[in-house]
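Comments concern the structure below.
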Amino acid sequence: MFGVRSVTFFLARLILGYIFIMHGWQKLHTNGISNVEKGFDAMGVPAPDLAAQYATWVEFIGGILLILGLLLPIVSILLIADMIGAIAYAHWDAGFWNSDGGYELPLALIAGLLAVGFAQAGTAAADHYVFRRRRRGAVVE
């Protein structure tokens, strides 16, 4: 049975995952990776071809993994790195407010990723079942 905590963590992962899937989908299908690469190049992102691939796929696949609750700490770290890059290259100069193109949204996404990536995932996450054996075998000192 899922407790309140598991459900709330699942809802947080669902919302974050959906946001990242949509941004990855936008880069992949709406804009196209080649246009993302051109945009990254214009912003001065180092290795814009690799950065465009990284941002697209880590957002799309990472969003799916967030919803599933699979490999949460690793996925969160990869997405946090993506958001730090977005803040540094795309949003910092515009200031804080999202309405001005600022870093408010990526910073909020980082906060959400820290919360769901490093808390106990709960029974509504695949990590709970995948790593169950490891928890049972842990020695408490």
Side-chain angles (χ1 to χ4, degrees), residues 1-99 101-141:
M1 184 98 184
F2 295 144
V4 172
R5 195 166 205 208
S6 288
V7 171
T8 57
F9 276 119
F10 170 71
L11 291 174
R13 291 193 332 269
L14 181 67
I15 293 165
L16 286 169
Y18 181 70
I19 291 167
F20 281 110
I21 289 169
M22 294 306 291
H23 279 268
W25 183 264
Q26 180 185 42
K27 286 175 179 64
L28 188 60
H29 290 286
T30 305
N31 299 339
I33 293 179
S34 62
N35 288 328
V36 173
E37 181 182 332
K38 290 174 189 170
F40 282 10
D41 189 40
M43 287 184 260
V45 175
D49 52 339
L50 296 175
Q53 291 287 339
Y54 177 84
T56 299
W57 294 109
V58 80
E59 290 172 12
F60 188 72
I61 294 169
I64 293 168
L65 293 174
L66 280 175
I67 291 171
L68 295 173
L70 186 59
L71 304 173
L72 290 171
I74 294 167
V75 169
S76 294
I77 289 168
L78 294 173
L79 286 167
I80 287 169
D82 182 46
M83 291 297 95
I84 289 171
I87 289 170
Y89 289 99
H91 300 282
W92 187 259
D93 290 340
F96 177 76
W97 300 110
N98 187 61
S99 59
Y103 57 88
E104 178 182 11
L105 175 61
L107 191 62
L109 291 172
I110 289 171
L113 289 165
L114 288 169
V116 301
F118 298 98
Q120 287 188 350
T123 54
D127 279 356
H128 176 79
Y129 303 98
V130 171
F131 298 109
R132 176 183 275 181
R133 183 179 301 164
R134 178 181 272 171
R135 280 195 314 275
R136 282 190 194 150
V139 176
V140 179
E141 296 181 23

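Throughout, numbering of the chain's residues begins at 1 and tracks the sequence.
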Worksheet item: Just wondering, do Thr123 and Tyr129 contact through their side chains at under 4.5 Å, heavy atoms?
Response: yes
Are the side chain of [X] and the backbone of [Y] linked by a donor-acceptor contact shorter than 3.5 Å?
{"X": "Tyr54", "Y": "Leu78", "result": "yes"}
{"X": "Asp127", "Y": "Leu72", "result": "yes"}
{"X": "His91", "Y": "Tyr103", "result": "no"}
{"X": "Arg13", "Y": "Leu65", "result": "no"}

Practice prompt. Apply side-chain hydrogen bond (donor to acceptor under 3.5 Å, both in side chains) to Gln53 and list each qualifying residue two or more places apart in sequence or on a separate chain.
Written response: Trp57
Worksheet item: Listed by chain and number, what are the side-chain contact (heavy atoms from CB on, under 4.5 Å) partners of Ala90, not counting sequence neighbours?
Response: Met43
Worksheet entry | side-chain contact (heavy atoms from CB on, under 4.5 Å) partners of Asp41, counting only residues at least two apart | Pro48
Using 0.5 Å steps for rounding, measure from the [atom1] atom of [X] to the [atom2] atom of [Y].
{"X": "Met22", "Y": "Thr30", "atom1": "CE", "atom2": "OG1", "value": "7.5 Å"}
{"X": "Leu107", "Y": "Ile84", "atom1": "CG", "atom2": "CD1", "value": "10.0 Å"}
{"X": "Ser76", "Y": "Met83", "atom1": "OG", "atom2": "CE", "value": "12.0 Å"}
{"X": "Asp82", "Y": "Leu109", "atom1": "CG", "atom2": "CG", "value": "9.5 Å"}

Discussion item. Would you say the rings of Phe60 and Phe20 are close, in the sense that their centroids are separated by under 6.0 Å?
Written reply: no
